[in-house]
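Worksheet for the structure shown next.
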Amino acid sequence: MLLRLPTSLSEAQRYLAEGAVPVGGATLVWALWQRDGFPEQAMSLRELPEANLRERQALGAAVLLHQVDERVPDVLRRAASTVGTGAVRRTATVGGNIAGSTLRCLLPAALALDARATVLDGDGTYETDLGEVVAKRHLLLTLRWNTPVASGYYKAPGEAGGPPPLVVATAVHAGDDGRHRLVVAVRDGYEVISGTAGCGTGAGQALRDLDRTGLGSLPAPARDAVRREVTGILDGPALR
């Protein structure tokens, strides 16, 4: 297997056109390749500048999970810090987790941030939403977002080899009109659901608004966790 390491977008696009398979951190594909056979070419984005951004409002797809630090909002940093073991976090990438994993541990945090994705295909780069990235398994380059007023993250205890633990990610965003908006994203099993509510009238009204979104169909334990997280962030010091 030939491993391609592009240093420019034009190189990465050419390797894709030649059939190179994106490899990420290889934590998800290596066992499959050992079983089914290795591709002729694989491609890692670890040398591509656009895929290695670590900024206040941007994170590259090739960034390793253990490198996600305090430069990004708390909800995303905490999500990355709870993925797998330390050994996994030193190998797995942001892009592999969101676009290549069925668990998608970072997806609720990215949705809560209203993040947009820059992806690469045979025609070049373009911006799209995270739903399309997940559905079509695009090659993710970068996530971008506006810095939230406040954010929070909860992950229920889980057992190794058991079902995916419940995740609740929250973020409060300031609108152009000065009004705050709350975005909540939940992973329940393998499904990720998000909803939006206003913040101006307190946690009670925000929760009623969220109940009218897809979050209202969650089972009782998940709704209880949403209630705790929403109350906590809306009553927290950042919004007082």
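Just so you know, these numbers come straight off a predicted model, no measurement behind them.
Between V23 and A42, the shortest heavy-atom contact is CB-CB, 4.3 Å. When every heavy atom of H173 is checked against every heavy atom of V183, the shortest pair comes out as CD2-CG2, 3.8 Å. The heavy-atom pair separating A20 from M43 by the smallest distance is CB-CB, 3.9 Å. Scanning all heavy atoms of the two residues, the minimum distance from V230 to A206 falls at CG1-CB, 4.4 Å. Between V133 and V119 the shortest heavy-atom distance is CG2-CG1, 3.8 Å.
A donor-acceptor pair is defined here as one N or O able to donate and one able to accept, closer than 3.5 Å; such a pair exists between the side chain of N52 and the backbone of R46. A donor-acceptor distance shorter than 3.5 angstrom exists from the side chain of D121 to the backbone of G124, with no hydrogens or angles considered. One N or O on the side chain of E11 and one on the backbone of T7 form a donor-acceptor pair closer than 3.5 Å. At least one donor-acceptor pair under 3.5 Å links the side chain of R137 to the backbone N or O of A99. In this structure, the side chain of E127 does not engage the main chain of A117 through any donor-acceptor pair within 3.5 Å. Remark: side-chain polar atoms of T82 are paired, donor with acceptor, to backbone N or O of A79 under 3.5 angstrom.
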**Q.** Test log, rule side-chain contact (heavy atoms from CB on, under 4.5 Å), inputs R187 and R104
**A.** CA-CA 9 Å; R187 184 186 70 186; R104 300 189 290 272; 5.9 Å; no
Q. Where do V75 and L113 land on the side-chain contact (heavy atoms from CB on, under 4.5 Å) test, with the steps shown first?
A. CA-CA 8 Å; V75 62; L113 290 174; 3.8 Å; yes
(Q) Is there a side-chain contact (heavy atoms from CB on, under 4.5 Å) between Y154 and T170? Walk through the geometry before answering. (A) CA-CA 9 Å; Y154 167 76; T170 55; over 6 Å; no
Q) Under the side-chain contact (heavy atoms from CB on, under 4.5 Å) criterion, do T118 and E50 qualify, and how do the steps go? A) CA-CA 10 Å; T118 300; E50 291 85 349; over 6 Å; no
With a 3.5 Å cut-off and sequence neighbours excluded, list the donor-acceptor pairs that the side chains of residues 54-64 form with protein atoms.
unit_1	atom_1	unit_2	atom_2	d
R54	NH1	Q67	O	3.1
R56	NH1	T147	OG1	2.9
Q57	NE2	T147	OG1	3.1

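A continuous path of hydrophobic side-chain contacts links V134 to V192 [ILVMFWY only; heavy atoms under 4.5 Å]. Note on V186: it clusters hydrophobically with L207, by side-chain heavy-atom contacts below 4.5 Å among ILVMFWY residues. Under the 4.5 Å side-chain heavy-atom criterion for grouping Ile, Leu, Val, Met, Phe, Trp and Tyr, I98 is not connected to L103 through any hydrophobic cluster.
Summarising the local packing, CZ of R14 is surrounded by more than 12 heavy atoms from other residues, nucleotides or ligands at distances under 6.0 Å. More than 12 non-hydrogen atoms from other residues, nucleotides or ligands lie less than 6.0 angstrom from CG of D129.
Within the 4.5 Å cutoff, side-chain heavy atoms of V94 are placed close to those of L65. Counting heavy atoms from C-beta outward, I193 and D188 have side chains that stay 4.5 Å or more apart. Side-chain contact between T213 and S194 is absent, with no heavy-atom pair separated by less than 4.5 Å.
Between the CG atom in L141 and the OH atom in Y126 there is a gap of 10.5 Å [rounded to 0.5 Å]. The distance from the CG atom of L45 to the CG atom of L120 is 8.0 Å, given to the nearest 0.5 Å. To the nearest 0.5 Å, atoms OG1 (T91) and NE2 (H66) are separated by 8.0 Å.
Salt-bridge annotation for D211 and R208: absent, with no side-chain N of the basic residue lying under 4.0 Å from a carboxylate O of the acidic one. Ion pairing between R4 and E18 holds under the 4.0 Å rule for side-chain N and carboxylate O.
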